[in-house]
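What you see is a predicted model; the values in this text were computed from it and never measured. We name chains A, B, ... by the order of the sequence lines, and we start the count at 1 in each one.
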Amino acid sequence: MPYEHQQIEQKWQKFWDDNQTFATSDTTDKPKYYAVDMFPYPSGQGLHVGHPEGYTATDIMSRFKRAKGFNVLHPMGWDAFGLPAEQYAMKTGHNPADFTSQNIDHFREQIKSLGLSYDWNREINTTDPSYYKWTQWIFEKLYEKGLAYESNMMVNWDPIDRVVLANEEVIDGKSERSGNKVERKALRQWVLKITAYADRLVDDLDDLDWPEAIKEQQRNWIGRSKGAAVFFNVDHADAKIEVYTTRPDTLFGATYMVLAPEHELVDSIVTAEQKQAVADYRAAIAAKSDLERTDLNKDKTGVFTGAYGINPINGEKLPIWIADYVLASYGTGAIMAVPAHDDRDFEFAKKFDLAIKPVIAGGENDDVAYTGDGVHINSDFLDGLDKATAIDQAIDWLEAHQAGHAQTNFRLRDWIFSRQRYWGEPIPVIHWEDGTTSLVPENELPLLLPHATELRPSGSGESPLANLTDWLEVTRDDGVKGRRETNTMPQWAGSSWYFLRYIDPHNDHQLADPEKLKYWMNVDLYVGGAEHAVLHLLYARFWHKFLYDLGVVPTKEPFQKLVNQGMILGANHEKMSKSKGNVVNPDDIVREYGADTLRVYEMFMGPLTQSKPWSEEGITGSRRWLDRVWRLLIDDEGQLRDHVTTVNPGDLDKIYHQTVKKVTDDLENMRFNTAISQMMVFVNDAYKSDALPVTYMNGFIQLLAPFAPHLAEELWVRLGNRESISYVSWPTYDDTKLVDDTVEIIFQVNGKVRGKATVARDINQDDMITAAKADDNVQNFIMGKTVRKVIAIPGKFVNIVVS
RNA sequence: GCCGUUGUGGCGGAAUUGGCAGACGCGCUGGACUCAAAAUCCAGUGGUGGCAACACCGUGUGGGUUCGACUCCCACCGACGGCACCA
């Protein structure tokens, strides 16, 4: 009887369901292990072959840890708010809730067909009111703590989808999602003060077991920079300009100043003669998109305001310019320019013929700014100092003369949290006609998203909720009328805390029980794509730290260990896409080869973290191996083969114990590909053996079970064991079985292998050297030469150095 | 431009601490089984030379350290990802 994957996989999936094999208890004295997948957006496309990769990895770890005696929490859920559903609803006239629910059913069915050991009792859905009640609750807490505020902001506006995008969602001036060109537009927005947590978000990265690349991306994104604020008086005016600089040591080299065109002081300092030029320049800048101001335009522009600033350190008059290479949104929107030692200032100074004054020795070349370290010159009390010392002394001087102070700045901006969309969590706020704003009372949460049969753009830039009058308009007991907030939350909201809800998914009076949170947090393993390096992972860390400050969660960080799975590419080494025709549908693979084959193949392709191309031959190879495992134990009639026996002739002792050790070690380190290859070696050896000791076969099937759980359950029973392998304790190995009495040592001459010999394991150095010198081929290479040195490592090799 | 990752047979990849490069799989070649084929089982398979023993070359390139380097150091080249006037 051949290996019939369909029948076997259905049988065991039903068994796990019927027996609630993977339902997780909160009350146990076992150590815990919490493994989470980045939950998917249930798109209409269904599952992609990339999904099972990460899911299989966490599933293998979960099954392994169960067998190792851990209480494992391994849940799944749906990140189900999002723009595609809204767009589809607008097109078809359906409600997003209805087909989102269909999509979820489809996703769940597909995921279940992969044999993943989720506790489905804990399934969560961000669009479920009992879930988003708590998303809204967190928002209210942020509001109460002053971390959620309204602001008129220049936002990234997608004019076609009519949505506001976060900076992170804009790539090369286009919407990451729609590809539409993004414009600047001023809109009232809800903003979360993530910058209040900037320092902690940088500092706490150090203790996390995350890929260095991701940590570095977050550090760069937050962009902490240390420098100084310096105050410049404006000549003949009652105004003071504050600039930010990381190089206060070059203050003596400042030759001009620049304000961002939007800077609030521009109007008050501009001279009559320059008024028109400045107005023209600002008008020209306002018409430009962000893309045109940055990426497309490397050529510097600007105009002189006619005003002068006074350098506090030496009283020099510096012309004040406006230029768009200075950003209003960073620092104070004003800089002191030191063209001798800053590339951008240098370029600007060259173009507009401004003075260049070196204050650091080392810049011999007049064609570029010298940005390196060196001895300070032309700098009065800083002369002769190096960069670090000069920075410290300059700051001391500024502080002593009330002309400035040390200052830390961040690139990170506050998080624009509102979207002009229907299909998101309603922001639980009411704007009253008396001008006040209030939260929806906590006991009235969740504020339900009203059911809408037909979604239409409001046309005003507001979300479609603005059309739903019944929902929109409210009246207070005292007769004052109000209007609900029509903005909804971004998709990042629900995904910023979902891993907490799995811990206590049905709690209706708390986000989650603190005792349960204390037991389960942190997440021990979090697996997902690297595309979430700064978006989701930064927001989730921010909310988590906020909840930590509130005392809601017991840990400072949510995810102790993060692993990014690599991408599965098409067979042509390119990213899978419909247009390239290289998409592989997991349903087809599961049907034709089975979920176990898909799992084994995706884990065997290469290291989890690496991108690797799909191969049709590869998947058949994995299937062939599972067939081989089946045939090793089961004969053509479907009976256990006779050579599976209780006697042990000993020929598999070493390879069996080696395999247990290697697979165990590899699993601890998530090296799934090499674990599988070791099991292949074992099977190859087992095929050559006349007798297969049943204890070894049991142990091998246990090693296989995390990878190919259905097949393993089936063979486990056929080997005469009681049903269900999931909680049988993991096999152990015997160190003494790993070593032979004899070892093969190699003989080298000048580091090249010239011979080998099998010798007793405990041979001493002298005997090894004697054996080496006696070797015929070694003789050929040392004869007639002087032996300079002999290196002998017992049990490994002898190296004879001759000349 | 800056930051990060990475480079090994025809292909995916292994080599955990500086110690036999290429485990395992795919592909290919040969053999067994078969009327034949497929499937399966067994064996071989980095390149060059040689009947062979074996020799020489070989981990992106060029140098270096070392008895010994895929592994460590320096310089460079290519691929991928991120950031990109952040003062």
Would you please confirm or rule out a distance under 4.0 Å between OP1 or OP2 of [N] and any side-chain N or O of [X]?
| X | N | answer |
| --- | --- | --- |
| A:S225 | B:A87 | yes |
| A:Y330 | B:A87 | yes |
| A:Q217 | B:C3 | no |
| A:K752 | B:C57 | yes |
| A:K612 | B:G12 | no |
| A:R628 | B:C42 | yes |
| A:R754 | B:C56 | yes |
| A:N777 | B:A55 | yes |
| A:N684 | B:C24 | no |
| A:N780 | B:A53 | no |
| A:H341 | B:A87 | no |
| A:R624 | B:G27 | yes |

Using atom [atom1] of each nucleotide, how far apart are [N] and [M] to the nearest Å?
| N | M | atom1 | answer |
| --- | --- | --- | --- |
| B:G27 | B:G10 | C1' | 8 Å |
| B:G7 | B:C11 | P | 15 Å |
| B:C20 | B:U71 | P | 13 Å |
| B:C83 | B:G12 | P | 28 Å |
| B:G58 | B:G68 | P | 15 Å |
| B:C28 | B:C77 | C1' | 33 Å |
| B:A14 | B:A23 | P | 13 Å |
| B:C56 | B:U29 | P | 32 Å |

Under 3.5 Å donor-acceptor, [X] side chain and [Y] backbone:
| X | Y | answer |
| --- | --- | --- |
| A:D775 | A:G755 | no |
| A:K357 | A:A355 | no |
| A:N799 | A:G751 | yes |
| A:R411 | A:Y330 | no |

Could you check if the base of B:G9 is syn or anti? Syn means the glycosidic torsion is within 90 degrees of 0.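 With its glycosidic angle within 90° of zero, B:G9 counts as syn.
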Which heavy atom of A:E53 sits nearest to which heavy atom of A:Q565, and what is that distance?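 Closest approach of A:E53 to A:Q565: OE1-CG, 3.3 Å.
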Expressed in angstrom and rounded to an integer, what is the separation of [X] atom [atom1] from [N] atom [atom2]?
| X | N | atom1 | atom2 | value |
| --- | --- | --- | --- | --- |
| A:D666 | B:A15 | CG | C1' | 12 Å |
| A:H532 | B:G81 | NE2 | P | 17 Å |
| A:L259 | B:A87 | CG | C1' | 13 Å |
| A:D775 | B:C20 | CG | P | 18 Å |
| A:W210 | B:U5 | CH2 | P | 17 Å |
| A:D345 | B:A87 | CG | P | 12 Å |
| A:M603 | B:G25 | CE | C1' | 15 Å |

Tell me what A:S615 touches on the nucleic acid: a base, only sugar-phosphate, or nothing, going by heavy atoms under 4.0 Å. nothing
Looking at every strand, decide which applies to A:D627 at a 4.0 Å heavy-atom threshold: base, sugar-phosphate, or nothing.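 No contact.
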On a plain distance test, is the side chain of A:K796 in donor-acceptor contact with the base of B:C20 below 3.5 Å? no
Looking at B:C42, does its base get a donor-acceptor pair with the side chain of A:K688 below 3.5 Å?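 Donor-acceptor pair under 3.5 Å: no.
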Check: A:W625 ring centre within less than 6.0 Å of A:Y601 ring centre: no
Want to settle it: does A:I793 or A:F604 sit nearer the 5' end of RNA chain B, counting the closest nucleotide to each?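 Checking each residue's closest nucleotide, the 5'-ward one belongs to A:I793.
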Per nearest nucleotide of RNA chain B, the residue lying toward the 5' end, A:N799 or A:E216, is A:E216
Does NZ or CZ of A:K240 lie under 6.0 Å from the centre of the six-membered ring of A:F231, at an angle within 45° of the ring axis? yes
A:T674 has a side chain; which of B:C24, B:C11, B:A15 sits nearest to it?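 In terms of side-chain proximity for A:T674, the closest of B:C24, B:C11, B:A15 is B:A15.
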Scan for side-chain hydrogen bond (donor to acceptor under 3.5 Å, both in side chains) pairs involving residues 743-754 of chain A, sequence neighbours excluded, and state none if there are none. none
Check salt bridge (charged side-chain N to carboxylate O under 4.0 Å, His left out) between A:D249 and all other residues, then give those that pass, not counting sequence neighbours.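 So A:D249 forms a salt bridge (charged side-chain N to carboxylate O under 4.0 Å, His left out) with A:R247.
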Partner of A:L598 under side-chain contact (heavy atoms from CB on, under 4.5 Å), picked from A:T56, A:I589, A:V584, is A:I589
RNA chain B base-pair string [pairs: Watson-Crick or G-U under 3.5 Å; |: paired with another strand]: (((((((..(((......[....)))((((((.......))))))((((....))))..(((((..]....))))))))))))....
